Amino acid sequence: MTGFVDKWDELIDWKKRWASEGNFFIEQLKARGVEKVLDVATGTGFHSVRLIEDGFETVSADGSAEMLAKAFANGQTYGGHILRVVQADWRYLNRDVHGSYDAIICLGNSFTHLFSERDRRKALAEFYAMLKHDGVLILDQRNYDALLDGQYGNSHTYYYCGDEVSAEPDHVDEGLARFRYQFPDQSQYYLNMFPLRKNYVRRLMREVGFQRVDTYGDFQETYQADEPDFFIHIAEKS
Ligand code: SAM
């Protein structure tokens with residue numbers, strides 16, 4: 001995983017990634033008057049740095065200390081920012097992260113890393129509890145419905161992550177989506193993910209208490225015109 005992360009960060013230019021992601025989630029936060037944000041899936045810091053650059057008071061959490069170290073270094077590289085990092089597992093978030101937030105973001109197809117429903121419910125309940133009464137959760141996911149329902153054809157379908165890296169489904173069933181990532185130096189990495197169905201995630205969000213869940217399709221990087229590659233859920237507490 002470490003090698004994968006380093007290669008990924010080396011090749012995926014942040015400025016280009018910012019441009020390709022657009023301003024969608026930043027605009028959603030601003031429209032709601034959000035000031036204080038908890039990034040629960042900091043990874044190497046891409047979204048945290050973007051939030052800080054846009055003036056949000058940001059706390060950067062991740063379950064991995066190694067990721068947080070990279071994020072901290074990236075914060076300094078991209079704009080000389082000092083990230084406020086906290087190591088915390090989503091399932092025990094309230095134990096390790098203090099305060100309450102106007103918004104929580106869980107982006108970059110991160111929620112897919114939980115493989116049991118119990119953990120997904122626990123994590124969402126922890127997110128819910130850390131939000132202020134009118135807080136909002138923004139969580140994105142790959143469009144697994146299209147993959148599971150065969151709308152992307154067969155395993156020859158490629159997902160493009162920039163010009164340099166290609167991701168191809170290697171194995172897909174209702175319990176596992178394994179992707180093969182191919183880098184320009186011909187090295188390959190396999191990542192296992194849980195194939196979240198869009199309506200399943202929406203239901204879980206409502207079941208833990210979110211009053212309203214809006215789901216958007218991100219057409220920005222769509223390879224096929226009519227199906228988004230990603231969904232973005234915006235869950236409101238009140
Ligand atoms: N948002 C960043 C981006 O898009 O570049 C990083 C996303 S990265 C795919 C997912 C991150 O979620 C990893 O850094 C991983 O350590 C973290 N993560 C996965 N499961 C977690 C859990 N249960 N608790 C806390 N962090 C977790």
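Computed from a predicted structure; not experimentally measured. Counting convention: from 1, in listed order, for ligands and their atoms alike.
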Are any of the N/O atoms in [X] less than 3.5 Å from those in ligand 1?
X: D39; result: no
X: A41; result: yes
X: W90; result: yes
X: M67; result: no
X: H47; result: yes

Exercise for the section: Please state whether G45 comes within less than 4.0 angstrom of ligand 1, counting heavy atoms only. Expected result: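 Distance cut 4.0 Å: G45 fails for ligand 1.
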
Problem - contact_flag L114 ligand 1 heavy-atom lt 4.0 Å - result: yes

Ligand-side contact atoms (ligand 1) for residue partner [X], heavy atom cut-off under 4.0 Å:
X: F46; result: 5 (O)
X: L107; result: 1 (N), 4 (O), 7 (C)
X: G63; result: 25 (C), 26 (N)
X: G43; result: 6 (C), 14 (O)
X: G108; result: 4 (O), 9 (C)
X: D89; result: 23 (N), 24 (N), 25 (C)
X: S64; result: 16 (O)

Problem - K132 with D134: basic N within carboxylate O range, under 4.0 Å - result: no

Problem - Basic-acidic side-chain contact under 4.0 Å: K198, D145 - result: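 Salt bridge between K198 and D145, a charged N being under 4.0 Å from a carboxylate O: no.
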
Any luck finding a side-chain donor-acceptor pair between [X] and [Y] under 3.5 Å?
X: R197; Y: N143; value: no
X: N109; Y: Q141; value: no
X: T215; Y: R202; value: yes
X: T112; Y: Y144; value: yes

Practice task
Spell out, yes or no, whether L107 and W90 are grouped together once hydrophobic residues are joined by side-chain heavy atoms under 4.5 Å, including indirect joins.
Solution key: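 The answer is no; the residues belong to distinct hydrophobic clusters.
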
Practice task
For the residue pair Y200 and F194, categorise the inter-ring angle as parallel (less than 30°), tilted (30 to 60°) or perpendicular (more than 60°).
Solution key: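 It falls in the tilted class, 30° to 60°.
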
Practice task
Give the ring-plane orientation class for F183 versus Y189, where under 30° counts as parallel, over 60° as perpendicular and anything between as tilted.
Solution key: perpendicular

Fill in the blank from the handout: Filtering D62, N74, V40, D96 for the heavy atom nearest atom 16 (O) of ligand 1 leaves D62

Practice task
Could you see which bit of A123 sits under 4.0 Å from ligand 1, with heavy atoms only: side chain, backbone, both or neither?
Solution key: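 No part of A123 is near ligand 1 at this cut-off.
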
Problem - side chain to side chain donor-acceptor pair (under 3.5 Å) partners for Q28, two or more places apart - result: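 Partners of Q28 under the side chain to side chain donor-acceptor pair (under 3.5 Å) test: R32.
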
